[in-house]
Amino acid sequence: MKLFKRILFFLLLVLIVIQFFPPTPNKSDTTPPTDLLLVENVPEKVNATLTNVCYDCHSNHTNYPWYAGIEPLSYWLAGHIEEGKEHLDFSQWDLYSAKKKAHKLEEIAESVTEGWMPLESYKWIHKSANLSEEESKAVADWASMLRLNYLKAEKPQ
Ligand code: HEC
């Protein structure tokens, strides 16, 4: 019993200490000129979905929930954001080549149609991130149309 109490005390101590070492927040004051929403013509509905949902993990602008201030939950969120941006960073969009943009747009359309984005854990917590069929279709249609432009740009006639 004594050992159990000691372990519990130790874990509590660790939990308190890590509160002083939060990860750097993914919250930039400025929007770079390479941001997708500045360089592409995005319909209002799609804009809302991207801004409210996808930008949380795929840009420099995360809208943090209250519990994001609690370690180690914050580490877990930071991990998703880091990995999400590695794969697709809307803040750096215009730095991508036409070929890369076309590929990412294909993946974006697929991700919402097949439902593997946003992440499952994110959907549990953010009810509004469970995209309606209409919202998913709007994103998929927009991405597929824009993709065609980039495919054309790649193969000049
Ligand atoms: C909670 C964080 C989170 C949210 C919100 C989120 N994503 Fe992701 N996304 C990730 C992570 C992490 C990865 C990389 C791992 C994976 O593919 O599962 C990823 C990967 C992707 C990829 C694959 C890119 C590639 O080329 O490999 C696409 C496309 C994508 N996300 C689109 C979206 C779209 C569209 C939305 C909004 C509807 C969205 N994501 C919302 C975290 C997120």
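Just so it is clear, the values below take in all heavy atoms, side chains as well, and ignore hydrogens, waters and symmetry mates. Remember, it's 1-based here, ligands and their atoms both numbered in the order they're listed. Starting from 1, each residue takes its place in the sequence as its number. Note that the coordinates shown come from a computational prediction; the quantities given were computed from them, not determined experimentally.
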- Query: Does any N/O atom on Asp56 come nearer than 3.5 Å to any N/O atom on ligand 1?
  - Reply: no
- Just need the protein heavy atom nearest to atom 15 (C) of ligand 1, so name the residue and atom and give the distance. Glu83 OE2, 3.3 Å
- Task: Decide yes or no on side chain to side chain donor-acceptor pair (under 3.5 Å) for Asn26 and Lys85, but give the supporting numbers first.
- Result: CA-CA 10 Å; Asn26 180 50; Lys85 279 169 72 173; 2.8 Å; yes
- Query: Just checking, any donor-acceptor pair under 3.5 angstrom between side chains of Asp35 and Thr31?
  - Reply: no
- Query: Hey, quick one: are Val42 and Val139 part of the same hydrophobic cluster, counting side-chain heavy atoms closer than 4.5 Å, chains of contacts allowed?
  - Reply: yes
- Could you tell me the residue and atom name of the protein heavy atom closest to atom 26 (O) of ligand 1, and the distance to it rounded to 0.1 Å? Lys104 NZ, 2.6 Å
- Query: Quick one: nearest non-hydrogen protein atom to atom 22 (C) of ligand 1, plus distance?
  - Reply: Trp116 CZ3, 3.8 Å
- Query: Linking I/L/V/M/F/W/Y whenever their side-chain heavy atoms sit closer than 4.5 Å, directly or via other members, would Val39 and Phe90 fall into one cluster?
  - Reply: yes
- Just jot down the ligand 1 atoms closer than 4.0 angstrom to any heavy atom of Ile108, in number order. 29 (C), 35 (C)
- Message: Listing request: all side-chain hydrogen bond (donor to acceptor under 3.5 Å, both in side chains) pairs with a residue in residues 123-133, at least two apart in sequence or in separate chains.
- Response: Ser132-Glu135
- Message: Just checking Glu44: does its CD atom have more than 12 heavy atoms from other residues, nucleotides or ligands closer to it than 6.0 angstrom?
- Response: no
- Query: For atom 23 (C) of ligand 1, what is the nearest protein heavy atom, given as residue, atom name and distance?
  - Reply: Glu107 OE1, 3.7 Å
- Query: Protein N, O or S atoms less than 2.8 Å from atom 8 (Fe) of ligand 1, ignoring waters?
  - Reply: His58 NE2, Met117 SD
- Task: Under 4.0 Å from a heavy atom of His80: give me the atoms of ligand 1 that qualify, with their elements.
- Result: 12 (C)
- Do the side chains of Leu36 and Tyr96 get nearer than 4.5 Å, heavy atoms only? no
Enumerate donor-acceptor pairs with a distance under 3.5 Å from any side-chain N or O in residues 4-22 to protein atoms, sequence neighbours excluded.
residue	atom	partner	partner atom	Å
Gln19	OE1	Glu71	N	3.2
Gln19	NE2	Leu15	O	2.9
Gln19	NE2	Glu71	O	2.8

- Item | Set of ring pair (Phe, Tyr, Trp, His ring centres under 6.0 Å) partners for Trp116, sequence neighbours left out | none
